[in-house]
Amino acid sequence: MPISDAQQAIWDIVKKIPVGRVSSYGRVAYFAGYPQHARMVGRALRIAPDHLLLPWHRVVNAKGQISFPVGSEQAELQKDKLQTEGVVFLSGRIDLERYAWLGPLDSDLWRM
DNA sequence: GCACTGACTCCCA
DNA sequence: ATGGGAGCCAGTG
């Protein structure tokens with residue numbers, strides 16, 4: 001399996017994350033068919049061409065935190081985008097119990 | 001080819 | 001809650 005296929009698979013999964021929901025690098029890797037390859041997701045997103053219009057901001061780490069240095073321009077941008085979609089941050093973290101996307105088969109129902 | 005670096009995770013002290 | 005260390009592997013120099 002060429003690496004380009006893995007990147008494509010990852011991008012496809014990310015595109016499926018619904019507005020207002022989030023997923024983690026590890027979960028995206030898992031759904032894309034590459035379990036144990038969270039770092040690969042980070043790389044794939046970093047090199048993703050802009051024209052794909054990926055909702056990259058909906059991917060956070062397993063702790064529900066943004067993986068950019070706090071205060072960095074990128075971290076602020078991601079946080080803004082998420083808050084605009086209604087995602088709430090509590091002391092720098094997202095409540096994954098409430099906002100985590102459960103995968104391609106998730107019914108997209110809002111849990112509360 | 002070797003060493004180092006991450007948009008990571010898990011596990012354990 | 002928090003920090004350190006190991007496993008991970010494609011890029012980069």
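Keep in mind that this is a model prediction, so the values were computed, not measured. Chain naming here is simple, since letters A, B, ... match the order of the sequence lines and numbering starts at 1 in each.
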Legend entry - P gap between C:dG5 and B:dC4, integer Å: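 Straight-line distance between the two P atoms is 16 Å.
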Applying side chain to side chain contact (heavy atoms under 4.5 Å, CB included), can you list everything that pairs with [X], at least two apart in sequence or on another chain?
X	result
A:A75	A:I66, A:F68, A:S72
A:Q65	A:N61, A:K63, A:R93
A:L90	A:V88

Inset, instruction - Would you check if the side chain of A:W11 reaches a backbone N or O of A:L54 as a donor-acceptor pair within less than 3.5 Å? - result: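 Side chain of A:W11 to backbone of A:L54: no pair is present.
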All N/O pairs under 3.5 Å across the protein-nucleotides 9-13 of chain C interface:
from	atom 1	to	atom 2	distance (Å)
C:dC9	O2	A:R43	NH1	3.4
C:dA10	O4'	A:R43	NE	3.2
C:dA10	O4'	A:R43	NH2	2.8

Inset, instruction - Evaluate side-chain contact (heavy atoms from CB on, under 4.5 Å) for A:R27 paired with A:L102, printing each intermediate quantity in order. - result: CA-CA 9 Å; A:R27 290 184 84 77; A:L102 300 182; 4.2 Å; yes
Legend entry - First-last contacting nucleotides on DNA chain B - partner chain A, under 4.0 angstrom, heavy atom: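 The contact span of chain A on DNA chain B goes from B:dG6 to B:dC10.
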Legend entry - SB check A:R21 A:E85 (cutoff 4.0 Å):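 A salt bridge is absent here (no side-chain N lies under 4.0 Å from a carboxylate O).
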Legend entry - Partner of A:V22 under side chain to side chain contact (heavy atoms under 4.5 Å, CB included), chosen from A:V59, A:L96, A:D95: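 That would be A:L96.
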Inset, instruction - Could you tell me which residues satisfy salt bridge (charged side-chain N to carboxylate O under 4.0 Å, His left out) with A:D5, sequence neighbours excluded, listed by chain and number? - result: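 Counting only residues at least two positions away or on another chain, A:D5 forms no salt bridge (charged side-chain N to carboxylate O under 4.0 Å, His left out).
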